[in-house]
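To start, the structure under review is shown below, and the notes come after it.
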2 protein chains.
Amino acid sequence: MKQISTRFSMAVHILSLIAVNANEITGEYIAGSVNTNPVVIRRIMGLLKKAGLVDVRPGVGGAFLLRTPDRITLLDIYRAVNLLDDNRLFGIHEDSNIRCQVGRGIESVLQSELSEAQSAMERRLAQTTLSQLTAKFS
Amino acid sequence: MKQISTRFSMAVHILSLIAVNANEITGEYIAGSVNTNPVVIRRIMGLLKKAGLVDVRPGVGGAFLLRTPDRITLLDIYRAVNLLDDNRLFGIHEDSNIRCQVGRGIESVLQSELSEAQSAMERRLAQTTLSQLTAKFS
DNA sequence: CACCGATATAACCATTATAGTTACAACGGT
DNA sequence: ACCGTTGTAACTATAATGGTTATATCGGTG
């Protein structure tokens with residue numbers, strides 16, 4: 001199966017760098033640390049900006065957080081870069097045959113069960129802040 | 001972002017049908033209820049067989065569970081059809097620059113945090129059994 | 001045995017997400 | 001005015017997905 005995109009882990013990496021060195025690092029430097037192309041970094045930065053987590057100084061370069069690192073959770077970052085249809089992690093097949101007893105009921109039952117599972121994951125992500133992460137390698 | 005494959009929800013649908021009508025339904029009928037091509041059903045059935053959840057009578061047709069529905073959880077089904085590298089739901093970018101303080105530490109820290117989040121989701125999936133599901137539309 | 005409906009599997013296809021890349025416009029301080 | 005930076009568009013290769021056709025095999029029935 002396909003894993004959740006590495007955009008997420010790269011975004012955490014990016015924000016960690018900014019948290020540690022606000023306004024001192026360029027996209028070029030970040031790309032060097034993440035070990036990828038600068039455009040990939042800028043794309044993710046665009047999502048983080050759209051989510052209101054960071055801002056960037058165009059022209060001159062350098063980025064800074066719009067919230068303190070203890071108020072940015074992994075869930076905030078996850079939501080910023082992983083845009084899902086209707087915010088549903090699990091895909092559910094549609095158009096089940098409504099003339100079948102199982103086909104009729106399966107969608108709504110699964111919908112609620114799977115959204116519970118998704119919530120459990122998200123609650124765990126919400127428990128960890130950026131400052132807790134950076135504390136582990138500073 | 002890409003959602004988790006509908007293979008999972010289709011697998012739950014399939015097993016629900018088998019739980020309700022053991023040995024009475026063909027792949028053709030299941031395909032009609034799921035509203036897809038029979039080959040798609042057989043592919044998923046193959047995964048479920050490999051996981052030891054069901055068995056099928058070749059030639060004559062019909063499938064049956066190898067465990068009672070109260071001993072099959074959503075996690076069992078999820079694991080049967082969603083094969084992940086090293087069982088990791090979250091992809092993590094590799095080859096971070098080890099000469100950077102953040103790049104050096106990010107991978108292992110993220111690995112443990114994200115596996116916690118994955119576990120939280122899986123624990124929730126493990127709480128629901130096939131019999132609990134079918135009870136809701138029978 | 002011959003047939004027929006069923007399962008098993010390979011092969012192919014169109015669609016989509018992803019991550020990387022090149023190219024170019026715009027910004028802003030020196 | 002220059003130059004390093006950010007912002008985007010466009011293109012690419014790769015891979016997962018879900019569907020489809022085709023073919024082989026199985027097993028009970030006439």
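Because the structure is a prediction, the values reported are computed rather than measured. Protein chains get the first letters and strands the later ones, always in sequence-line order, with residue 1 at the start of each.
In this structure, B:Ser5 reaches the D:dG18 phosphate: one of its side-chain N or O atoms is under 4.0 Å from OP1 or OP2. One finds a side-chain N or O of B:Lys49 lying less than 4.0 angstrom from the OP1 or OP2 phosphate oxygen of C:dA8. Taking only side-chain nitrogens and oxygens, B:Arg7 comes nearer than 4.0 Å to OP1 or OP2 of D:dT17. Phosphate contact (OP1/OP2 of D:dT17, side-chain N/O of B:Thr6, threshold under 4.0 Å): absent.
Distance A:Glu28 CD to D:dG7 P: 14 Å, rounded to the nearest Å. Atom C1' of nucleotide D:dG4 and atom OH of A:Tyr29 are separated by 18 Å, given to the nearest angstrom. For the pair B:Arg57 CZ and D:dT29 P, the interatomic distance rounds to 11 Å; values are reported in whole Å. The separation between B:Ile4 atom CD1 and C:dA17 atom P is 16 Å, rounded to whole Å. Distance A:Gln3 CD to D:dT17 P: 11 Å, rounded to the nearest Å. Atom CE of A:Met10 is separated from atom C1' of C:dG20 by 10 Å (rounded to the nearest Å). Look at CG on B:Asn23: it is 13 Å from P on D:dG28, rounded to the nearest Å. Atom-to-atom, CE of B:Met1 to C1' of C:dT16 comes out at 13 Å; the value is rounded to the nearest Å.
B:Thr6 contributes no side-chain N or O that, together with a main-chain N or O of B:Ser9, makes up a donor-acceptor pair within less than 3.5 Å. Looking at A:Arg7, its side chain does come within 3.5 Å of a backbone N or O of A:Val81 through a donor-acceptor pair. Listed for the A:Thr134 side chain is a donor-acceptor partner under 3.5 Å among the backbone atoms of A:Ser131. Of the possible donor and acceptor atoms, one in the side chain of B:Gln3 sits under 3.5 Å from a partner among the backbone N and O of A:Arg88. A:Gln118 places a side-chain N or O within 3.5 Å of a backbone atom of A:Asn87 that can act as its donor or acceptor partner.
Of the residues in residues 103-111 of chain A, not one places a heavy atom less than 4.0 Å from an atom of DNA chain D. Contacts between residues 78-102 of chain B and DNA chain D, defined by a heavy-atom separation under 4.0 Å, are absent. For residues 33-48 of chain B, proximity to DNA chain D is found at B:Thr36, B:Asn37, B:Val39, B:Val40, B:Arg43, defined as any non-hydrogen atom under 4.0 angstrom from a strand atom.
Proximity of A:Gln127 to A:Gln132: side-chain heavy atoms (C-beta onward) are nowhere separated by under 4.5 Å. B:Leu47 places a side-chain heavy atom less than 4.5 Å from the side chain of B:Leu83. Considering only heavy atoms from C-beta on, A:Thr68 stays 4.5 Å or farther from A:Leu130 through its side chain.
Annotation for A:Arg71: atom CZ does not count as buried by contact number, only 12 or fewer foreign heavy atoms lying within 6.0 Å. No more than 12 heavy atoms of other residues, nucleotides or ligands lie within 6.0 Å of CD1 in B:Ile98, so this atom counts as exposed by the packing criterion.
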Dump the intermediate steps for side-chain contact (heavy atoms from CB on, under 4.5 Å) on B:His93 and A:Thr36, then the final yes or no. CA-CA 9 Å; B:His93 62 290; A:Thr36 185; over 6 Å; no
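The side chain of B:Thr26 sits closest to C:dA6 out of C:dA6, D:dT6, C:dA17.
Between the CG atom in B:Leu110 and the NZ atom in A:Lys136 there is a gap of 10.0 Å [rounded to 0.5 Å].
Nucleic acid contact for A:Gly61: sugar-phosphate only, since backbone atoms but no base atoms lie under 4.0 Å from a heavy atom of the residue.
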